[in-house]
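So the structure is just underneath, and the comments pick up after that.
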Amino acid sequence: MNKAVSEEDIKIKICGLKRIDDAKILNKYVPDYAGFVFAESKRKISFDKAKAIKNVLDETITTVGVFVDPDIEDIFYLIKNDIIDIIQLHGNEDEEFINKLKEFDSNINIIKSIEMNNGDSENKHDDGFNIKKTIEKWENSNVDYLLLDSGKGSGKIFNWELIGDIKKIKKPVFLAGGINSENIKKASKIKPFAFDLSSGVEKNGFKSSKKINEVINNLDNINKLNNKSKNKESKNNKSNINKSNINKSINLNRLDDVKDMNNGRYGIYGGQYIPETLMNELINLEEQYNFYKNDPDFIEELQNLFNEYAGRPSLLYFAENMTNDIGGAKIYLKREDLNHTGSHKINNVLGQVLLAKKMGKTRIIAETGAGQHGVATATGAAFLDMECEIFMGEEDMERQALNVYRMELLGAKVNPVSSGTKTLKDAVNETMREWTTRVHDTHYVLGSVMGPHPFPMIVRDFQSVISREIKEEILKIEGKLPTAIVACVGGGSNAIGSFFNFIGDKGVRLIGCEAGGKGVDTEYHAASITKGEIGIFHGMKSYFCQGNYGQISPVYSISAGLDYPGIGPEHAYLNDIKRAEYVPITDDEAVEAFEYLAEKEGIICAIESAHAIAQSIKIAKKMDSDDIIVVCLSGRGDKDAESIKNYKLAKSNKSDKLAKSSNSAKLNKLGEEEI
Ligand SMILES: O=C(O)c1ccccc1NCC(=O)[C@H](O)[C@H](O)COP(=O)(O)O
């Protein structure tokens, strides 16, 4: 979400951070303030711990030190060492104390807490008169904000009527005491400057990602409603970027720009068109996923796997030679090819295998076409110690014998699929069938943003690390968002991963490159959006290449990775609402781009990714030098080198018989499945 933050928005403070994990949670949701409790309390933390948390915390979040009658030297220490930005006082600190703080640093802001019902003798307010006097005293003092609270992180609400008309209070007011996602809407009617929450966003004594997410979502909606006219989406991303907006858009659950992306439906697409026997397992999967995606331990474990095992973050590489050669926009490459196992596939695999393990499953199954998703799945299963079986069309097994060996080497059993055309779509059917027979101990690691809900959502979320990193990296390097993101599309997992965190940034063009094969006016392509029609297949409603009677057509692409007859439902929806553009790229254009990238940048990319390179070359020329294109280089191309050599040879000998029959075309397919 790329929300324009208004001065009039009600701010939010999350108090009582105790763990590094809490900082990581806050970084996802980016509240305005974060509080460290230094007073005696179950939430008390040491100065060192606060420093460590602050080091991890997003720097746009203002840190607040919370004290009860502290030693003033402690506060000086915390300010000098940049551990806290603001002071919050809950004890009997007097005006002399406040003045000393201001003398030390006149810019430091101070929040003074007023206990509205349960305070010590001086602050005991059983009647409105005493409250009024206390508020009067502090609004005429040197403090900057008042905090109206029921106690000290007590989790109890006080009688809000005691506040009276908040507009008459001369200082901005933080409202605290038992605020949570359920009562925040009602509390917002009081119109405080900020909400201050601790107990209401805790579970078992720790800050809960789920509760923080809910409360911040609710507050965003409240702010939007209160402040509609000032909260409009930025039309021009270059003029309206600030760091806090950007971080908020990272959050997977807050894409309220794309409202229809809910409950397994993306507009009319998606759904769960599956046999009843699988329904319970899909419901179970969705419930478990919704729990674990908010679980700090799961998030931390997955992040560690990404960083320590898969080699993330992947490089955002400035293709300077290409840029200079083409002229026009600057071209950056998101180097997913450098990940362990050589493609973006590992992002989804690690997420799903870890999830399966948490769900108590002991066995993993997956489909594969050319073998790349199979190899990635076998890798994840080996590393996380799970039994693994891969389903692969007989024809693909023959063409990709080396990948079959790789999977076996990694401990997986590879099952040949002899039905249908003995290729990828048949492998999906067979894996689905197998799953129905053994859901109790088995998880199906689907390889793309396709299939029945919740797979398109789960795979997208795990792949969205790509756009999260692109956003962070490009802002660091260029200080602005890109003009366009370009990615190849089969089923669409690398593309949705690259697009996801930019969907709310309307100024960023999102371009998916479909397999145009021998041309979309021939029979030999796999351009499901350009040429397909709405249908239902593999458990989802989307665009599919179909015959006159709705039968799924055989499709063709030089790249086996893009050779899938459909597209993920979220892409179908993004196409319909015109948020993303989908263009066909022919085999010849892709091969040319494959060679061009190798020559100019010394990078041999997957033939799938070369489709995106081809499109970036086309559009870069027409752009200005201050435009930026980021291309997702979804995989490495060693696997394709020999086949492309043969393809070229066949062409130059004018002996290319590929176009003559879909069968012979299939025999010449290359690469890695992207579906
Ligand atoms: O949270 C504590 O344990 C605490 C101890 C001593 C002084 C202040 C303390 N907390 C302050 C806060 O967490 C907030 O300002 C506010 O009280 C939160 O209230 P609630 O949401 O009811 O926990």
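Predicted model only: the values in this text are computed from it and were never measured. Heavy-atom basis, side chains included; hydrogens, waters and symmetry copies ignored. Both ligands and their constituent atoms are indexed starting at 1 by order of listing.
Side-chain polar atoms of E214 and N180 form no donor-acceptor pair below 3.5 angstrom. Under 3.5 Å, the side chains of S198 and R43 contain a donor-acceptor pair of N or O atoms. For the residue pair N99 / N142, a side-chain donor-acceptor distance below 3.5 Å is found, with atom types taken as modelled. Side-chain atoms of N280 and N284 form no donor-acceptor pair, as typed in the model, at a separation below 3.5 Å.
Ring geometry for Y309 against F383 counts as parallel: the plane angle stays under 30°, on a 0 to 90° scale with 60° as the upper cut.
Polar contact with ligand 1: present for S198 (N/O pair, distance under 3.5 Å). Looking at ligand 1, you'll find an N or O of G153 within less than 3.5 Å of one of its N or O atoms. At a 3.5 angstrom cut-off on N or O pairs, D196 counts as close to ligand 1. Considering backbone and side-chain atoms alike, K42 places every N or O at 3.5 Å or more from each N or O of ligand 1. Residue I179 places no N or O, backbone or side chain, under 3.5 Å from any N or O of ligand 1.
With a 4.0 Å cut-off on non-hydrogen atoms, Q88 touches ligand 1 through its side chain and not its backbone. Residue H90 touches ligand 1 through its side chain alone, judged by heavy-atom distances below 4.0 Å. Residue V66 touches ligand 1 through its side chain alone, judged by heavy-atom distances below 4.0 Å.
Applying the 4.0 Å criterion to heavy atoms of G155 picks out, from ligand 1, the atoms 20 (P), 22 (O), 23 (O). Counting the atoms of ligand 1 from 1 in the order shown, those under 4.0 Å from a heavy atom of G177 are 19 (O), 22 (O).
A distance below 6.0 Å separates the ring centres of F76 and F104.
Taking each of G35, S41, G91 in turn, the one with a heavy atom nearest to atom 5 (C) of ligand 1 proves to be S41.
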